[in-house]
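Report on the following structure.
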Amino acid sequence: MASKRVLLLCGDFMEDYEAMVPFQALQAFGVAVDAVCPGKKAGDVCRTAVHVLSGAQTYTETVGHNFALNATFDELDAASYDGLLLPGGRAPEYLAHIPGVVELVTKFVSLGKQIASICHGQLILAAAAGVVKGRKCTAFPAVKPVLVAAGAHWVEPDTMAATVVDGNLITAATYDGHPELISHFVKALGGTINGSDRRILFICGDYMEDYEVKVPFQSLQALGCHVDAVCPSKKAGDTCPTAIHDFEGDQTYSEKPGHPFSLTASFDDVDPSSYDALVIPGGRAPEYLALNESVIALVKHFFETKKPVASICHGQQILSAAGVLKGRKCTAYPAVKLNVVLSGATWLEPDPISRCFTDGNLVTGAAWPGHPEFISQLIALLGIQVSF
């Protein structure tokens with residue numbers, strides 16, 4: 001049983017990343033996370049929004065994943081939690097006007113619990129009388145007037161990754177600040193991180209799944225790992241478009257446009273020997289990356305040197321093409337079973353879809369709901385420990 005428990009306060013059209021990244025990262029690190037929304041119960045979903053700064057005077061918005069709640073708002077006991085997480089997006093605009101939400105936040109503060117809030121989430125803090133008065137905090141810049149009016153000491157974000165810590169209050173400007181925000185929150189909860197001096201490489205491609213790159217990428221950064229993302233024919237600073245794959249009642253997943261993902265290194269300059277592990281996200285990218293001989297050579301290097309490799313969903317199409325699965329036990333998204341079996345691997349049924357497996361240096365998962373297990377199993381192979 002997890003020794004620490006935190007609450008994630010959700011609402012319709014909260015920012016997609018700002019809900020799921022901390023939700024799954026903390027679970028991967030051994031923290032129990034309950035996600036609730038006023039007027040909804042465990043098993044219900046919240047719609048999410050994809051917010052992107054793309055050169056206009058403010059962010060753009062498209063519809064994101066559906067986020068499943070795992071607890072019921074009306075059954076909460078603030079005293080049973082160690083911390084509170086407030087995602088941004090548009091949800092805080094209306095959540096800040098719900099008395100039960102304001103009362104809940106006030107209760108967490110009065111009990112001295114740890115609080116982490118991001119982007120527009122600080123609107124809820126401002127609505128709770130006295131919570132931010134005299135406190136240093138940052139937020140998405142448009143939230144500044146409300147925080148100042150509530151008596152906060154505004155800290156201008158020099159970048160959209162800016163994070164500010166003032167006692168038990170941690171605030172960040174946008175999801176770019178997740179690694180620092182989550183790292184501070186883990187430590188505020190009494191956590192210690194050991195063995196994180198690792199270098200991890202992600203093989204990316206256009207229309208990889210949005211969550212399947214961002215959640216593990218920022219989770220590993222939050223631990224203190226050096227993480228690089230590369231894509232064939234692209235260089236550091238370029239972006240890859242991503243795809244949102246979701247389960248919405250059809251016979252297969254639906255697809256919507258996701259966030260653009262920024263690469264941190266140039267594919268042609270990568271020295272695989274300088275990395276300790278490889279991560280392969282799913283989505284549609286693996287279909288064409290599996291045809292790239294340079295990608296195949298890169299994958300083979302990690303297997304030949306017996307370094308950890310973690311692949312999820314359709315990522316196993318690349319492993320199959322590389323001929324590295326023969327004699328292995330692994331899973332994947334069920335539609336990829338044919339690739340896995342024909343490559344000589346033993347198929348492990350992902351039941352439930354969040355199930356992940358480790359076989360030697362190989363971690364495989366079926367889809368993004370399995371990220372907590374997927375990340376946890378990878379960091380175990382890397383010798384990284386998070387303890388509370």
Side-chain angles (χ1 to χ4, degrees), residues 1-11 14 18-38 42 46 67-88 91-92 95 100-119 121-122 124-125 127-128 130-132 135-137 163-172 175 177-194 196 215 218-219 221-224 371-373 375-376 379 384-388:
M1 183 176 178
S3 62
K4 297 294 179 179
R5 188 178 179 210
V6 302
L7 184 69
L8 181 72
L9 183 58
C10 302
M14 58 189 173
E18 291 169 8
M20 189 58 82
V21 174
F23 181 72
Q24 292 192 317
L26 289 168
Q27 290 179 83
F29 303 160
V31 177
V33 187
D34 287 343
V36 299
C37 175
C46 284
F67 186 98
L69 305 170
N70 63 357
T72 301
F73 184 85
D74 291 341
E75 299 172 356
L76 289 180
D77 175 15
S80 68
Y81 292 95
D82 299 290
L84 175 66
L85 285 162
L86 302 176
L95 291 176
V101 168
V102 175
E103 181 182 341
L104 180 69
V105 172
T106 303
K107 183 68 172 177
F108 269 86
V109 173
S110 68
L111 292 171
K113 307 290 186 178
Q114 303 302 320
I115 298 174
S117 184
I118 193 164
C119 198
Q122 286 81 304
I124 301 173
L125 297 180
V131 167
V132 296
R135 307 291 295 273
K136 295 178 182 177
C137 59
T163 301
V164 173
V165 179
D166 185 346
N168 67 329
L169 178 61
I170 306 166
T171 54
Y175 52 72
H178 274 151
E180 191 173 352
L181 177 95
I182 295 169
S183 178
H184 283 306
F185 195 54
V186 167
K187 292 170 184 175
L189 293 171
T192 58
I193 302 167
N194 293 300
S196 61
V215 174
Q218 290 195 316
S219 297
Q221 287 183 315
L223 292 173
H371 277 149
E373 279 192 30
I375 297 164
S376 177
I379 64 177
I384 300 171
Q385 294 181 325
V386 184
S387 54
F388 292 91

Check: Can you name the residues that form a ring pair (Phe, Tyr, Trp, His ring centres under 6.0 Å) with Y175, not counting sequence neighbours?
Finding: Y17, H259
Next item on the list: Output all residues satisfying ring pair (Phe, Tyr, Trp, His ring centres under 6.0 Å) with F23, sequence neighbours left out; order by chain, then residue number.
Entry: F67
Next item on the list: Could you note down all residue pairs passing side chain to side chain donor-acceptor pair (under 3.5 Å) where residues 68-80 supplies at least one of them, sequence neighbours left out?
Entry: R5-S80
Checking [X] now: which residues fulfil side chain to side chain donor-acceptor pair (under 3.5 Å) with it, not counting sequence neighbours?
X: Q114; result: none
X: D82; result: none
X: S117; result: Q122
X: S387; result: T192

Note to self: Pair C137, D166 - check side-chain contact (heavy atoms from CB on, under 4.5 Å), show working.
What the structure shows: CA-CA 7 Å; C137 59; D166 185 346; over 6 Å; no
Run the side chain to side chain contact (heavy atoms under 4.5 Å, CB included) test against [X] and tell me which residues pass, sequence neighbours left out.
X: V165; value: I170, H184
X: Q221; value: P179, F217, Q218, V227
X: K187; value: S183
X: V215; value: M20, V21, Q24, Y211, S219, H371, I375

Item checked: Inter- and intrachain pairs under salt bridge (charged side-chain N to carboxylate O under 4.0 Å, His left out), touching residues 105-119, at least two apart ->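 For residues 105-119: none.
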